[in-house]
Amino acid sequence: MMAIFAKRALLASGWAENTRIEIAGGLIADARADSRAQPGDVEVDTLLPALANLHSHTFQRAMAGMTEYRMAGRDSFWTWRDLMYRFTAHLTPEQIEAIAALVFLEMQEAGYASVGEFHYLHHQRNGQPYDVLSEHSDRIMAAARQTGIGLTHLPVLYSYAGVGQKPLEAGQSRFGNDVEQFCRLVDQAKSNIASLPDDCRVGIAPHSLRATSPADLVEVLDAHGDGPVHIHIAEQPKEVAEVQAGLGARPVEWLLQNALVDQSWCLIHATHMTDVETRDMAASGAVAGLCPVTEANLGDGPFNGATYLQAGGAFGVGSDSNVLISLTEELRTLEYSQRLRDLSRNVLVVGEGSVGHALYTGAALGGAQALGRAAGEIAPGKLADLVAIDSGAPSLCALRTDQLLDGLVFAAKDQVVSDLWSAGRHCVQGGRHLAREQVEAHYRVAITSLMAAIQ
């Protein structure tokens with residue numbers, strides 16, 4: 001049993017003063033306001049439910065800053081993707097693990113307690129499977145073990161280069177599996193996840209409608225559709241046009257008509273939807289997995305946020321390409337994308353109220369749902385995914401309690417995070433991850449050897 005004493009805490013019932021949180025077995029055992037600190041309590045300023053980072057490709061963090069040079073012609077998501085493919089050709093298992101560990105650490109220091117790793121880099125550099133099919137998944141799990149982050153591992157089914165079962169391109173060879181091999185990979189990952197804490201789990205991720213087929217999608221859902229199911233959907237206009245031409249409907253429209261999409265699903269990006277698709281997706285109970293910083297970096301376009309929230313849709317945020325790992329930046333970019341598009345302010349709240357509160361608490365609940373975690377709020381029985389912030393920081397010190405989430409989302413940086421717990425594991429203390437020195441040293445060695453190989 002451990003306990004946290006917070007000057008203030010955002011409980012499921014609202015803000016509370018002088019709150020004492022008891023944690024046992026990774027769960028919140030009790031949360032009592034108007035309490036006193038006891039000897040041995042961890043004392044913090046302001047305690048919040050920590051968010052889940054629902055969509056990440058950790059290896060892409062190592063190429064941040066390498067794709068911002070404009071070449072002849074018009075740059076786009078598709079030209080960025082070609083550069084990413086060339087980068088992946090050089091990665092070794094040891095480098096993948098070192099990169100993932102640093103990324104997970106940076107996420108926790110930014111205020112994320114858990115992560116959904118959308119993992120599609122499966123095979124050797126020549127495209128052949130390793131002797132242990134789950135080699136790279138095992139490396140991701142090793143990084144999670146080292147950092148203590150709550151992991152929902154999402155092996156990706158990536159079988160085709162486009163709608164109509166187009167053969168994989170050379171740059172995609174490390175991703176490719178047919179359904180039979182993919183199911184073996186998932187089985188191995190589910191067996192190996194037992195070495196991690198009980199809050200970690202394995203789901204599946206059909207990469208996209210263009211990288212699988214209707215028949216394959218049915219088969220993999222029949223085999224492994226009982227856990228979180230994540231899928232890229234409608235990220236780019238070209239993708240929408242390709243799916244509509246090949247399958248006879250727009251991506252979100254087709255998926256909702258042909259799969260039992262429910263609360264266990266997370267639709268990543270869902271950027272280019274009609275209003276009808278938007279409302280239908282909200283009604284399905286699925287989570288919209290939004291990655292505003294990456295979506296801005298890649299020129300994807302803004303999500304149809306106001307219509308989606310008015311229809312009662314659930315959402316969460318992720319760092320996707322990890323070009324920047326910042327929880328506060330993801331939330332503010334989400335809101336700012338709507339303001340820029342609509343020439344308006346304070347868009348992503350239904351009716352009247354605090355936009356920061358609506359964004360933060362909505363993303364906390366939606367992210368937990370997407371990762372299959374009993375988290376997202378501070379209440380007995382929930383996972384102790386908790387983050388403490390310092391309300392005395394200059395960006396927050398002038399604000400009332402009911403303005404703190406507005407200050408966090410729109411005025412603060414992630415440096416206001418003082419402590420973080422992933423299912424009760426106190427990984428960040430004093431703003432710094434306990435394993436930072438070792439993880440950062442391993443990363444520097446890995447990135448040095450990687451850059452030498454690329455050059």
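It should be emphasised that the depicted structure is a prediction, and the values quoted were computed from it without experimental measurement.
A ring-centre distance under 6.0 Å is found for F118 and H232. Close placement of the Y120 and H57 rings is indicated, their centers lying within 6.0 Å of each other.
Scanning for side-chain contact (heavy atoms from CB on, under 4.5 Å) contacts around Q310 gives A306, with sequence neighbours left out. Listed by chain and residue number, A9, V44, L47 satisfy the side-chain contact (heavy atoms from CB on, under 4.5 Å) test with A6 (two or more places apart in sequence, or in another chain).
Between the side chains of Q108 and S422, at least one donor N or O sits under 3.5 Å from an acceptor N or O. Under the 3.5 Å distance criterion, with hydrogens and angles disregarded, no donor-acceptor pair is assigned to the side chains of T152 and R373. Side chain to side chain, R8 and T46 meet the donor-acceptor criterion of an N or O pair below 3.5 Å.
N322 places a side-chain heavy atom less than 4.5 Å from the side chain of S56. The shortest side-chain heavy-atom distance between I193 and M141 falls under the 4.5 Å cut-off. Looking at heavy atoms from C-beta onward, R341 lies out of side-chain contact with V347 at the 4.5 angstrom threshold. Side chains of F104 and Q146 form no contact here, defined as non-hydrogen atoms less than 4.5 Å apart. Here the side chains of S354 and V349 are not in contact, with every heavy-atom distance at 4.5 Å or above. Contact check for P155 versus V202: side-chain heavy atoms found under the 4.5 Å cut-off. F303 places none of its side-chain heavy atoms less than 4.5 Å from the side chain of S337. Contact annotation: the side chain of V409 never approaches that of E335 to less than 4.5 Å [non-hydrogen atoms, C-beta and beyond].
The shortest non-hydrogen separation linking D45 to D390 is OD2-C, 4.1 Å. Between I99 and L91, the closest heavy-atom pair is CD1-CD2, 3.9 Å. Residues E295 and G289 come closest through the heavy atom pair OE2-O, 4.3 Å.
For R425 (side chain) and G148 (main-chain N/O), a donor-acceptor pair under 3.5 Å exists by modelled atom type. With hydrogens and angles disregarded, a donor-acceptor distance shorter than 3.5 Å links the side chain of H433 to the backbone of A435.
Residue pairs satisfying the ring pair (Phe, Tyr, Trp, His ring centres under 6.0 Å) criterion with at least one member in residues 371-393, sequence neighbours excluded, are absent. Among pairs with a residue in residues 9-50, none fulfils ring pair (Phe, Tyr, Trp, His ring centres under 6.0 Å), at least two apart in sequence or across chains. Within the structure, every pair that satisfies the salt bridge (charged side-chain N to carboxylate O under 4.0 Å, His left out) test and touches residues 275-285, not counting sequence neighbours, is listed here: R250-E277. The ring pair (Phe, Tyr, Trp, His ring centres under 6.0 Å) pairs that include a residue from residues 356-410 are Y336-F410, where partners are two or more places apart or lie in different chains.
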For a salt bridge (charged side-chain N to carboxylate O under 4.0 Å, His left out) check, start with the C-alpha distance between K413 and E329, then their side-chain angles and the critical distance, and finish with the verdict.
CA-CA 8 Å; K413 295 185 178 180; E329 196 68 30; over 6 Å; no
Where do L10 and T361 land on the side-chain contact (heavy atoms from CB on, under 4.5 Å) test, with the steps shown first?
CA-CA 10 Å; L10 182 59; T361 58; 4.0 Å; yes
Given ring-ring contact (aromatic ring centres under 6.0 Å, His included), test H230 with H55 step by step and report yes or no.
CA-CA 9 Å; H230 289 217; H55 189 65; 7.4 Å; no
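Counting heavy atoms of neighbouring residues, nucleotides and ligands inside a 6.0 Å radius, atom NZ of K7 does not exceed 12 of them. Open room surrounds CZ on R444; 12 or fewer heavy atoms of other groups in view lie less than 6.0 Å from it. Heavy-atom contacts from other residues, nucleotides or ligands closer than 6.0 Å to CD of E437 number 12 or fewer.
Here the CD1-CG distance, from I378 to L386, works out to 5.0 Å after rounding to the nearest 0.5 Å. To the nearest 0.5 Å, atom CD1 of residue I149 and atom CD of residue E106 are 11.0 Å apart. One distance of note links OG1 of T274 with CE of M281; it measures 12.0 Å at 0.5 Å rounding.
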